[in-house]
Asks: 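Shown below is the structure under consideration.
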Amino acid sequence: MTRVVVTGMGIACPLGIGREAFWSSLIAGRSGIGPITLFDASSFPVRFGGEVKGFRPEPIVARFPEAAGSRDRKLLLALAAAEQAIADAALAESALRDGLLCVGVGLESLCLEDLTAHTHADNLGQALAQATLTRYPGPLLQTPLDRTATVLGNRYGFLAGRYTNCSACAAGTQVLGEAWQMLCEGQAAVAVAGAADSMLNPLGLGGFSVLRVLSEENDRPQQACRPFDATRQGTVLGEGAAFLVLETLDHAIGRGASVYAEMLGYGSSLDAFAASDPDPSGRGAVRSMRRAIRSSGLEPCRIDCVNAHATGTPKNDAVETAAIKEVLGRRAYEIPVHAVKSMTGHLIAASGAVEAVAAALCITRRTVPPTINLHVVDPACDLDYVPGEAREFRGDVVLSNSFGFGGQNATAVFGRFPMSEPHTSRTESR
Amino acid sequence: MGDVVITGIGLVTPLGRSPAEVLTRIAAGQVAFQPSPLGTVLACPSVGQVNDFDAQQHYPDNKTLRLMNRDAEMAVVAARLAVEDACLTLDQDYPADEIGLFGATGLSGMPVEEIARLVEHAAAADGSLDLRQFGEVALKRVRPVLSFKILANMPICFVSIFEGLCGPNAVYTPWEGQAAQAIAAGIRAVRRGDVPCALVGGCDVKTHSLALVSLQQLGAFDSWMRHGRGTVPSEGAAFLVLEDEARAIQRSARIYARICHYAFRSVTNGGLSEAVTEMLSGMPISRCPGVISAGDGDVPVSAAEIAALERSGIEPSLVLRPKAHLGNTFAAAAAVQVGLAAAVASQARCPAVLANCLGFGSEQGCFVLEAV
């Protein structure tokens, strides 16, 4: 049976750029949320979010000249995180040539500035086309979502395949799961997998605002994202990127790589319920977790911690809590369940990858990050959510959930390497 | 690890909605092109449109249709046709969570006119974007459905909602190669035993102004500028029902073809010809008398494919070029190519058929299907 381990990580998110900056903020319970500075959001109903502060694109552009002039912030964040992960794994470029690349992304970049000049034209399409040909020789009107994979592919190869997944909030976990499956199947020995997103632009923030899923507590942004709290009012948008290097265990041992954790399992499911709301029965979430646990070869009682999707929306957190209890039974009450988004906000496509980094570090550093802003517990949310302060992690296995708009669900299982006792990792989930 | 077969094909294309209809029209030499809505402003003068498509004919009174772009509407109709073609009854043949769904979508399917409605109240006098007006005026006039039209995964999620599919899933984007990866993901899920059945496919609308302008900017029409001919962007959706062969036989399903091999190759720094040659050289295609060619009029793509086929020693007795008749449906194209290959294989004219999913974008794929 092929086993897969995590040997490198890179991250740029509202809690910091780089693994250590992220981790120190995460376990300190610092919020990465603040007023939006990337554009003038002063007239928007929501004026705060989780920005990646201090991000300098110049070194990235210098390394990837193809990205020069890009107005797509998630591309630059992705390249920065992927470079960190590759460097962290100390992988030779030759190993990447025949590797896999799995990239999760959200909304494509569409610059409204390019459209406003033509909104009163008789034929908008023709006016836009004329302008594109004559006045906009440089920046693209739409940046296709495979841009990150193309730029990284041109640099490193990744000839075993480059995948661009756009499964919304589930994308970050799905790319890790797909990479894990393909490594288990022998398609490659190395994969770089991760996701990036930035909804902190007028179209992204505006679109989510009108959906009424965002907290509008502009006067206290750092307290606005309150997963599992009875007073939660909505989620907070953020931006970021995270990439992980996954390797077959044999390959990692063969080159003497340091191992953060083992990826043990993966599952996905669909709610098939409604476009915007999670299925209130939680069946989709239950299926996703059960598939992931089954694929790991573990029993549910071996799950020691849940890194919850926990968006802070009134609907999600109660449904997820019920689903965790259905899957884990009594074990659900015995283990910590924590919410990274209480500090980062919801990074949409990137969230699953960022939370995978948190899961791997939770195992390696033996520390469970806290859930902040949890003061008035929702009676429907009755698990141990690690409120306020990080605590020691005595277990081995972390389950990480991502549930997306449209009803896509994904769950990954990570474990300590080596585990306290032997287990069987299976590529088949049935 | 069981074999994977195709038991259902659903198409929404400018040339028809069943493989038989499309193949008949291709054989008759019909071409579904019409002048581009942008006239001759861009290098490509034509598009392939589905003229008589109305999703409400299939789903009358379905309020969810109002949340959907045209690509999503085409996706749910093509998926329904595929499921019907396979005579698949959810929960009777397979539980809902034992059917996977792996699809592909293209660049945003939202028409530029709809986005313009969003920003028309946010244009300053000099034509720039006035963010204050955007927040104070434009956003208040926007319907909440906006988000459902700009998220790239939604067309495939609508398929899951309309068909009640709850199994493993993924959505890929944005070109034909990634759509071929979606098909391969379904094949792998069935072979692994994750699910006995998967719905795979894609949808795309490349006939509206925003899509056409983006294609021009991205270089998809370079062949038109250099050679006077090239790819004709089109619209449509295609879905295939994949099943574990033993399970398909068990339920007495009609089997179009078995998918026996597939391969992918990534183009690095523009080396399309090398990538296609390497990909096909590893495939057992010399015994394929049928080829569903990727040829769409684009000169470099056609040259790369022809050179790779010549080097492989294949001598096909039947070569079909669907894109030359119905246009390039990009994220839907791979499922169209593979679906037509399966239909050709099932007609017993060709015991094995190569379906090439090549073209714009970095990822290139191909499938070998054989008659059962």
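Chain letters run A, B, ... following the sequence lines, proteins first and then strands; every chain starts at 1. Values below: all heavy atoms of this structure, side chains included; hydrogens, waters and symmetry mates excluded.
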Asks: List the atom of Glu176(B), the atom of Cys357(B), and the distance in Å for their closest heavy-atom pair.
Replies: OE2-CA, 3.1 Å
Asks: May I ask you to decide if Asn169(B)'s main-chain N or O and Ser268(A)'s side chain share a donor-acceptor pair within less than 3.5 Å?
Replies: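 Confirmed, Ser268(A) side chain pairs with Asn169(B) backbone.
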Asks: Are Phe134(B) and Phe39(A) an aromatic pair, judged by ring center distance below 6.0 Å?
Replies: no
Asks: Most heavy-atom pairs under 4.5 angstrom with chain B, which of Leu205(A), Thr116(A), Leu211(A)?
Replies: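 Highest number of heavy-atom pairs under 4.5 Å: Thr116(A).
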Asks: Which region of Leu38(B), side chain (C-beta onward) or backbone (N, CA, C, O), has a non-hydrogen atom less than 4.5 Å from a non-hydrogen atom of chain A, or is it both or neither?
Replies: both
Asks: How many angstroms lie between CD in Gln408(A) and CG in Leu270(A), if you round to the nearest 0.5 Å?
Replies: 6.0 Å
Asks: Evaluate whether atom CZ of Arg283(A) has more than 12 neighbouring non-hydrogen atoms of other residues, nucleotides or ligands under 6.0 angstrom away.
Replies: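 Counting other residues, nucleotides and ligands, CZ of Arg283(A) stays at 12 neighbours or fewer.
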Asks: Got a donor-acceptor contact below 3.5 angstrom from the Ser362(B) side chain to the Val267(B) backbone?
Replies: no
Asks: Heavy-atom distances under 4.5 Å only: say whether Glu136(B) touches chain A with side chain, backbone, both or neither.
Replies: both
Asks: Given the options Gly365(B), Ala211(B), Gly271(B), Gly127(B), which has more heavy-atom pairs under 4.5 Å with chain A than any of the others?
Replies: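 Greatest number of close heavy-atom pairs with chain A: Gly127(B).
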Asks: Looking at chain B, which one of Ala410(A), Pro144(A), Gly153(A), Gly106(A) has the largest number of heavy-atom pairs inside 4.5 Å, strictly under?
Replies: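 Maximum pair count with chain B is reached by Pro144(A).
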Asks: Give, as side chain, backbone, both or neither, the part of Phe158(A) having an atom under 4.5 angstrom from any heavy atom of chain B.
Replies: backbone
Asks: Is it the side chain or the backbone of Gln216(B) that comes within 4.5 Å of chain A heavy atoms, both, or neither?
Replies: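 For Gln216(B), side-chain heavy atoms alone lie under 4.5 Å from chain A.
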Asks: Just so I understand: if I count every heavy-atom pair under 4.5 Å between each of Gly104(A), Ala149(A), Ser167(A), Gly161(A) and chain B, which residue has the most?
Replies: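 Result: the option with the highest number of such pairs is Ser167(A).
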Asks: Using non-hydrogen atoms only, which part of Ala170(A) is less than 4.5 Å away from chain B: side chain, backbone, both, or neither?
Replies: neither
Asks: Under the 3.5 angstrom rule, does the side chain of Ser214(B) hit a backbone N or O of Leu210(B) as a donor-acceptor pair?
Replies: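 Yes, Ser214(B) side chain to Leu210(B) backbone: donor-acceptor pair under 3.5 Å.
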Asks: Do any N or O atoms from the side chain of Asn153(B) and from the backbone of Phe405(A) form a donor-acceptor pair under 3.5 angstrom?
Replies: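 Checked: pair present.
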Asks: Can you give me the closest heavy-atom contact between Met182(A) and Leu100(A), atom names plus distance?
Replies: CB-CD1, 3.6 Å
Asks: For chain A, find which of Asn269(B), Val159(B), Thr64(B), Val213(B) contributes the most heavy-atom pairs closer than 4.5 angstrom.
Replies: Asn269(B)
Asks: Can you tell which of Val105(A), Leu159(A), Leu203(A) has the highest number of heavy-atom pairs within less than 4.5 Å of chain B?
Replies: Leu159(A)
Asks: Does a donor on one side chain sit under 3.5 Å from an acceptor on the other, for Ser269(A) and Asn409(A)?
Replies: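 Result is yes, a qualifying pair exists.
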Asks: Treating Ser43(A) as the side-chain partner and Arg132(B) as the backbone partner, does any N or O pair qualify as donor plus acceptor under 3.5 Å?
Replies: yes
Asks: Count the heavy-atom pairs under 4.5 Å between each of Pro45(A), Gly177(A), Pro202(A), Ala171(A) and chain B, then report the option with the highest count.
Replies: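 Option with the greatest count: Pro202(A).
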Asks: Counting only heavy atoms closer than 4.5 Å, note whether Phe158(B) contacts chain A via side chain, backbone, both or neither.
Replies: side chain
Asks: Need one label for Thr105(B): side chain, backbone, both or neither, based on atoms under 4.5 Å from any heavy atom in chain A.
Replies: side chain
Asks: Side chains of Asp40(A) and Ser42(A): do they bring a donor and an acceptor to under 3.5 Å?
Replies: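 Side chains of Asp40(A) and Ser42(A): pair found under 3.5 Å.
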Asks: Check whether Tyr172(B) gets within reach of chain A through its side chain, its backbone, both or neither, counting any heavy atom under 4.5 Å.
Replies: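 Contact with chain A involves both backbone and side-chain atoms of Tyr172(B).
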Asks: Using non-hydrogen atoms only, which part of Asp146(A) is less than 4.5 Å away from chain B: side chain, backbone, both, or neither?
Replies: both
Asks: Only pairs of heavy atoms separated by less than 4.5 Å count here; which of Glu163(B), Arg188(B), Gln178(B), Glu278(B) has the most with chain A?
Replies: Arg188(B)
Asks: Would you mind checking which part of Arg162(A) comes under 4.5 Å of any heavy atom in chain B, side chain (CB onward), backbone (N, CA, C, O), both or neither?
Replies: both
Asks: Heavy atoms only, distances under 4.5 angstrom: which of Leu67(B), Leu151(B), Leu218(B), Val142(B) has the most pairs with chain A? Name it, please.
Replies: Leu218(B)
Asks: Keeping the roles fixed (side chain from Ser296(A), backbone from Ile293(A)), state whether a donor-acceptor pair exists under 3.5 Å.
Replies: yes
Asks: So what's closer than 4.5 Å to chain B heavy atoms on Gln174(A): side chain, backbone, both or neither?
Replies: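 Contact with chain B involves the side chain of Gln174(A) alone.
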Asks: Tell me, for Phe273(A) versus chain B, whether the close heavy atoms (under 4.5 Å) come from the side chain, the backbone, both or neither.
Replies: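 Looking at Phe273(A), just its backbone touches chain B.
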Asks: Please identify, among Leu145(A), Asn154(A), Val175(A), the residue contributing the most non-hydrogen atom pairs under 4.5 Å to chain B.
Replies: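 Highest number of heavy-atom pairs under 4.5 Å: Asn154(A).
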Asks: Where on Glu120(B) is there a heavy atom nearer than 4.5 Å to chain A: the side chain, the backbone, both, or neither?
Replies: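 It is both, since atoms from each part get that close.
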Asks: Is Val145(B) in contact with chain A via its backbone, its side chain, both, or neither, using a 4.5 Å heavy-atom distance?
Replies: neither
Asks: Do Arg47(A) side-chain atoms and Phe44(A) backbone N/O form a donor-acceptor pair below 3.5 Å?
Replies: yes
Asks: At a heavy-atom separation under 4.5 Å, does Thr173(B) approach chain A through its side chain, its backbone, both, or neither?
Replies: both
Asks: If you tally heavy-atom pairs under 4.5 Å against chain A, which of Gly106(B), Ser209(B), Cys157(B) wins?
Replies: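 So the answer, after comparing Gly106(B), Ser209(B), Cys157(B), is Cys157(B).
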Asks: For the backbone of Val190(B) and the side chain of Asp244(B), can you confirm whether one donor and one acceptor N or O come within less than 3.5 Å of each other?
Replies: no
Asks: Considering only heavy atoms and a distance below 4.5 Å, find which of Ser160(B), Pro144(B), Gly167(B), Cys166(B) pairs most often with chain A.
Replies: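 With the most close heavy-atom pairs to chain A, the winner is Cys166(B).
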Asks: Are any of the side-chain heavy atoms of Arg147(A) and Asp72(A) separated by less than 4.5 Å?
Replies: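 No - every pair of side-chain heavy atoms lies 4.5 Å or more apart.
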